[in-house]
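These notes concern the structure reproduced below.
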Amino acid sequence: MDVDAGASPGTPLGRIGESLLAARLRAMLSWPASRDRSVPQVDPVQRLIRTHRGVHPDADVNLLRRSYSVAERAHRDQKRKSGEPYITHPLEVAHILAVLGMDTVTLAAALLHDTVEDTDYTLPQLRADFGAEVALLVNGVTKFDKAHFAQAEAETIRKMIVSAGKDIRVLVIKIADRLHNMETLDARSPASRARIASATREVLVPLCDRLGIQALKGPFEDVVLRYVDPEAYQLIDEMVTRERPHWNEYVERFVGAGNDALKREKLDGHLIPRPRHYYTIWKDTKAAGSPSPINLPRVVVILDGDEADCYAALGVMHQRWLPIPGRFKDYIAAPKNNLYRSLHTTVLGPDDQMVEVLIRTDQMHKAVEYGVVAPYRYPVRPPRFGKKVPAAAPKQDQMAWLRRALELEAAAPDAVQFVQTLRCDLAEQQIQVFGHGTRMLLPAGATPVDVAYELSFRIGDRCVAATVNGVLTPLNAELTDGDVVDILVSRDKNHPGPRPEWLDFVKSPNARLRLSRRFSEPEAPAGTVSDRLQIGRAAIGLALRRRDRALSSEQRLVDLAQELGYPDLDTLLIAIAEHRVRADVIVDQLIASVDASAGQRGIPVQPQQSPTESSSLTG
Ligand code: MN
């Protein structure tokens with residue numbers, strides 16, 4: 001990977017080739033020595049503004065200066081674990097997002113993203129200072145407080161996904177936040193490094209993948225690999241560095257020959273080198289069981305045309321160089337579940353060297369690189385006056401995964417189950433199976449029961465047997481890629497329904513959710529966060545009515561929540577809904593404080609701590 005390419009300060013980002021973006025991010029993130037430190041410290045926002053203006057020349061930089069100064073003041077006395085002033089963190093997060101090409105509001109929210117969580121600056125204040133849009137983004141990435149939520153981490157993930165349903169930029173900020181935190185993990189203990197790295201690999205990296213943001217996913221995976229398997233990382237790094245001059249020269253030759261071949265066939269397109277990320281090299285090496293890293297040269301053919309041109313270009317490549325059998329994949333006819341579209345093939349290049357070739361149109365390339373954030377990087381401008389209009393919302397089909405996640409959220413009885421389900425859905429390995437006339441993408445290891453629930457809850461609940469490729473197969477058999485599955489459904493009126501032991505082997509979110517709802521104990525707190533807010537509110541109202549009182553304004557309750565040490569009213573209401581605090585007790589305190597109408601303090605209510613917290617996402 002050409003790490004130096006991104007490091008030259010002052011290069012207008014808008015003009016940097018697409019393929020260099022990941023390199024630039026990597027250069028920013030990997031080694032402190034390669035970071036751009038050439039900008040004098042007098043104006044720390046300058047570098048951010050320059051990067052941002054490189055993509056969006058008419059951006060409102062006043063908003064950035066204002067956000068920076070508020071964040072800087074709020075974090076002034078705080079230091080990171082590394083000893084650096086805290087403000088360096090939000091500043092770097094904003095810079096990652098600027099390189100990605102996000103809009104000004106996102107960068108402002110990134111600068112402020114830790115203020116509400118870690119300083120005295122409150123959400124209402126932030127809303128008053130910066131408006132509802134910035135407040136929504138900051139609130140979306142603000143963690144729930146462990147002291148007040150039994151399942152703070154699961155609740156936080158759930159809140160993040162729900163906020164992302166309102167505004168996808170919440171997730172993009174969260175990903176950039178984690179990306180930068182991963183870089184500074186060195187200051188942590190080895191145990192917490194490994195924990196954070198693997199939690200990141202489990203949820204945030206796949207999220208990046210599902211949202212199609214390749215530009216972030218590559219660097220993200222590489223940083224994760226550094227902690228998950230430091231020795232392999234070292235080995236790959238040494239090899240790639242050693243071989244780089246040779247590969248660069250080789251790939252250049254290949255690109256030249258490929259361009260000539262396209263031109264001869266009158267195809268409008270060009271080849272670019274596409275070095276593989278360390279993580280991809282690591283994965284391939286592991287899969288092949290090879291003792292030394294496997295690093296194939298890779299190029300992308302980008303066509304100024306449509307799908308048909310891609311297939312034509314494939315023909316050109318296969319005529320020029322011999323294709324390796326069994327290596328062709330058509331992700332244009334059958335896109336991956338994150339809507340990734342390209343043709344993949346491997347050919348025998350000059351010197352009998354295998355070369356991976358990816359083929360896509362220019363439009364597919366942008367979508368691959370930026371996924372759901374593409375509309376922010378390439379906002380629609382009216383042709384005449386060049387005045388910017390707000391970025392178009394991401395295309396609906398790109399949001400399909402998120403919609404699905406939100407459906408799971410609505411169906412899950414509580415945050416912990418939602419996050420478990422989400423993890424299933426984010427499983428890295430996926431297989432494609434066919435059944436009852438449809439194509440399904442399921443987590444690796446999925447069974448006929450998963451297929452049945454994918455078809456419908458009814459079919460799942462009543463399935464009794466299955467055939468796989470025409471052969472009768474047990475319901476718990478692991479399916480493999482390309483299997484054709486037929487589900488046999490009971491017609492018996494007295495069919496007993498699903499079996500609890502299915503929970504031991506099902507892999508898909510739909511099946512897990514349906515079965516765990518059916519067989520889990522019924523005392524789980526009801527519904528979504530907003531359901532519980534309503535329940536909490538109703539409980540307060542009821543308790544007040546029993547005492548013949550009413551609340552003249554909610555401010556009293558807000559004050560009381562703060563007095564009792566809750567970060568906000570919502571947290572208190574949820575604690576009530578989850579029976580961790582009694583509404584009666586709260587109302588009595590409320591009445592006492594109203595009646596005394598002075599600063600008489602109630603008895604602090606200690607929320608219960610739960611020992612059941614599992615792996616962490618929100619570090
Ligand atoms: Mn942060």
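Hydrogens, waters and symmetry mates are skipped; everything else that's a heavy atom, side chains included, is used. Order of listing sets the numbers, starting from 1, for every ligand and every atom in it.
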In the protein, N/O/S atoms that are found under 2.8 Å from the Mn ion (ligand 1), waters not counted: His89 NE2, His113 NE2, Asp114 OD2, Asp177 OD1
Has Lys366 got its NZ or CZ under 6.0 Å from the middle of the six-membered ring of Tyr378, at an angle within 45 degrees of the ring axis? yes
Verify whether one side chain among [X] and [Y] offers a donor that lies under 3.5 Å from an acceptor in the other.
X	Y	result
Thr88	Arg80	no
Thr122	Gln125	yes
Thr115	His75	no

Parallel, tilted or perpendicular: which describes the rings of Trp282 and Tyr279, with under 30° parallel and over 60° perpendicular?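 The rings of Trp282 and Tyr279 sit tilted, inter-plane angle from 30° to 60°.
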For His52, the option from Asp60, Thr106, Asp103, Thr104 that meets side-chain hydrogen bond (donor to acceptor under 3.5 Å, both in side chains):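 So, applying the side-chain hydrogen bond (donor to acceptor under 3.5 Å, both in side chains) to His52 and each of Asp60, Thr106, Asp103, Thr104, only Thr104 qualifies.
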